Trainee: 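I have a structure I would like to understand better, so I am pasting it below and will then ask my questions one at a time.
Here the structure is a predicted model, which means the values were calculated and not measured. If you read the sequence from its start, that first residue is 1, and numbering goes on from there.
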Amino acid sequence: MKELLRLPSPSNISYSWSGGSILGLSLIIQIISGIFLTFQYTTGGGAFDMVERLMEDVSGGWVIRFAHANGASLFFMSLYFHMGRGLYYKSFLLWQTWVVGMSIYVLAMATAFLGYVLPWGQMSFWGATVITNLLSSIPYIGLDLVEWVWGGFSVGAPTLTRFFSLHYLLPFVITVLVMAHLFFLHSTGSTNPLGLPLSVDKVEFHPLFSVKDVVGFVVTVLFLSILSVLVPHLFMDPDNFEESNPMRTPVHIQPEWYFLFAYAILRSVPNKLGGVLAMAAAVGFLFLLPLFKGGHVGKAHKLMCVNLFILFLFLTWLGTKPVEPPFVEGGKLASVLYFVILALL
């Protein structure tokens, strides 16, 4: 703890550098609330009824469920803000810290997808069916791989059991990666808004920056409390309040909001395998930024980052729309611009 409080930090970093600490708090909230939810969870056909029982019959169950569900959205809000700040100030030049951080992002996406399936509502079931079917685009082994993931010939109780096990275990893997992320960060030090050398103008972490982190913690808890108590269904899909029905497909299948940008890129490519590769490249290219991008944080770079943020929001909005003109054409254009801007960063 003394080493953390005395950690040399750039004197000019702002509240935006508190994103990592907020993510740590969000991860702790998710793990604790998730553990309490496992006390009640039942896989198989009773999963949907379990959620109803948790909400109506278990004392305080609705608080834990809403805190966990909305905590996932809060986690990804903080994560995208943290990544955006890293892109804006070229924190990816600290390549070890960046690669571990991106690995955390990929595992967080996997964990969130697995968790979204567990309530076993309509959107959970059909979302799992659509996303796992993407594996069938892999040549030669795709169909066998899909059946292996399902544990049968369709999404069912064995799939739910496997997803539950992985959803429970992956947060602990993420925790190990967070420790590695912090280790590399403390080895090199943080970047700063002026792009000064990492050894220049350092002060101790406490009290100047520890206070900023505490402010971030208070805002995070207040925001999560407001979401969970006043607008708990804000980020929930209405179709997921109906029990899964393999015989009735929802009019418009879509993932949670934090996957919509990648979903829009996937849909923008007519070929199934091409869409999967484009979606993977949208995230995979971020891993490679330290290899190709360097130099000073200039106005052109900052302008590109702002444009990338706007494109991210636009792709997220497109992901909520049906696959029809003009949204298809808009998705294609936005996807091309996304990769162009990443190449120019």
Side-chain angles (χ1 to χ4, degrees), residues 1-9 17-39 41 64 67-87 91-118 131 149 161-191 198 205 209-210 213 216-217 220-221 224 256 258-259 262 280 283-291:
M1 181 61 70
K2 288 183 179 180
E3 288 74 14
L4 177 61
L5 295 178
R6 294 176 181 175
L7 177 70
S9 305
W17 266 258
S18 299
S21 301
I22 293 174
L23 278 169
L25 175 64
S26 300
L27 179 62
I28 292 172
I29 292 173
Q30 289 302 96
I31 290 177
I32 293 176
S33 60
I35 289 174
F36 278 102
L37 288 176
T38 61
F39 296 163
Y41 190 74
I64 299 174
H68 193 72
N70 289 298
S73 290
L74 177 62
F75 181 87
F76 275 93
M77 287 179 194
S78 304
L79 185 56
Y80 285 133
F81 177 80
H82 191 55
M83 291 170 60
R85 195 267 305 160
L87 288 171
S91 296
F92 51 77
L93 295 180
L94 306 177
W95 69 271
Q96 292 172 309
T97 308
W98 178 260
V99 169
V100 174
M102 285 303 304
S103 301
I104 293 172
Y105 173 50
V106 171
L107 284 181
M109 293 178 76
T111 306
F113 165 69
L114 296 170
Y116 187 58
V117 177
L118 298 185
I131 298 302
V149 171
T161 302
R162 296 175 181 201
F163 280 21
F164 172 69
S165 300
L166 289 173
H167 182 68
Y168 185 87
L169 292 173
L170 284 181
F172 298 103
V173 179
I174 291 174
T175 302
V176 174
L177 288 178
V178 167
M179 294 178 182
H181 188 66
L182 291 173
F183 172 79
F184 287 124
L185 177 65
H186 291 177
S187 298
T188 59
S190 299
T191 55
L198 299 181
F205 179 81
F209 305 117
S210 58
D213 281 353
F217 292 163
T220 300
V221 172
L224 181 59
E256 286 282 64
Y258 33 81
F259 297 139
V283 176
F285 192 85
L286 295 172
F287 277 91
L288 304 178
L289 286 179
L291 297 178

Trainee: Which residue, F184, F287, F92, forms the ring pair (Phe, Tyr, Trp, His ring centres under 6.0 Å) with W98?
Mentor: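 The ring pair (Phe, Tyr, Trp, His ring centres under 6.0 Å) with W98 is passed solely by F92 among F184, F287, F92.
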
Trainee: Is the ring pair H82/H181 parallel, tilted or perpendicular, if the boundaries are 30 and 60 degrees?
Mentor: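 Perpendicular: the ring planes of H82 and H181 meet at over 60°.
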
Trainee: Distance from L27 atom CG to I32 atom CD1, nearest 0.5 Å?
Mentor: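 If we round to the nearest 0.5 Å, L27:CG and I32:CD1 are 9.5 Å apart.
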
Trainee: In the structure I gave you, are the side-chain heavy atoms of L224 and V221 within less than 4.5 Å of one another anywhere?
Mentor: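 Not touching, per the 4.5 Å side-chain cut-off.
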
Trainee: Nearest 0.5 Å, what's the CZ-CD1 distance between F259 and I131?
Mentor: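 Interatomic distance, F259 CZ to I131 CD1, rounded to 0.5 Å: 8.5 Å.
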
Trainee: Under 3.5 Å, side-chain donor or acceptor atoms of residues 167-180 against the rest of the protein: list the pairs with distances, not counting sequence neighbours.
Mentor:
| unit_1 | atom_1 | unit_2 | atom_2 | d |
| --- | --- | --- | --- | --- |
| H167 | ND1 | T111 | O | 2.8 |
| H167 | ND1 | G115 | N | 3.3 |
| T175 | OG1 | P171 | O | 2.8 |

Trainee: Would you please indicate yes or no on a ring centroid separation below 6.0 angstrom for F36 and F39?
Mentor: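 Aromatic pair counts; centres sit under 6.0 Å.
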
Trainee: Which pair of non-hydrogen atoms, one from R85 and one from S91, has the smallest distance, and what is that distance?
Mentor: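 R85 and S91 have their closest heavy atoms at NH1-OG, 3.0 Å.
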
Trainee: Measuring from atom CD1 of I64 to atom OG of S33, what distance do you get when rounded to the nearest 0.5 angstrom?
Mentor: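 The distance works out to 8.0 Å.
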
Trainee: Atom CG of L182 and atom OG1 of T97: how far apart are they, to the nearest 0.5 Å?
Mentor: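 Answer rounded to 0.5 Å: 9.0 Å.
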
Trainee: Using the test side chain to side chain donor-acceptor pair (under 3.5 Å), find all partners of Y80 that sit at least two apart in sequence or belong to another chain.
Mentor: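 Checked Y80 against side chain to side chain donor-acceptor pair (under 3.5 Å); matches are Y105.
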
Trainee: With rounding to the nearest 0.5 angstrom, report the CG to CE distance, L23 to M83.
Mentor: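 Going from CG on L23 over to CE on M83, the span is 10.5 Å.
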
Trainee: Report the C-alpha separation of L79 and F76 in whole Å, then their side-chain angles, then the decisive distance to 0.1 Å, and conclude whether the side-chain contact (heavy atoms from CB on, under 4.5 Å) test is met.
Mentor: CA-CA 5 Å; L79 185 56; F76 275 93; 4.2 Å; yes

Trainee: Side chains of V283 and M102: does their closest heavy-atom pair fall under 4.5 Å?
Mentor: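 Yes - at least one pair of side-chain heavy atoms lies under 4.5 Å apart.
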
Trainee: Which heavy atom of T220 sits nearest a heavy atom of G216, and at what distance?
Mentor: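 Closest approach of T220 to G216, heavy atoms only: OG1-O, 2.7 Å.
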
Trainee: Roughly how far, to the nearest 0.5 Å, is the CG atom of L166 from the CZ atom of F164?
Mentor: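 Going from CZ on F164 over to CG on L166, the span is 11.0 Å.
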
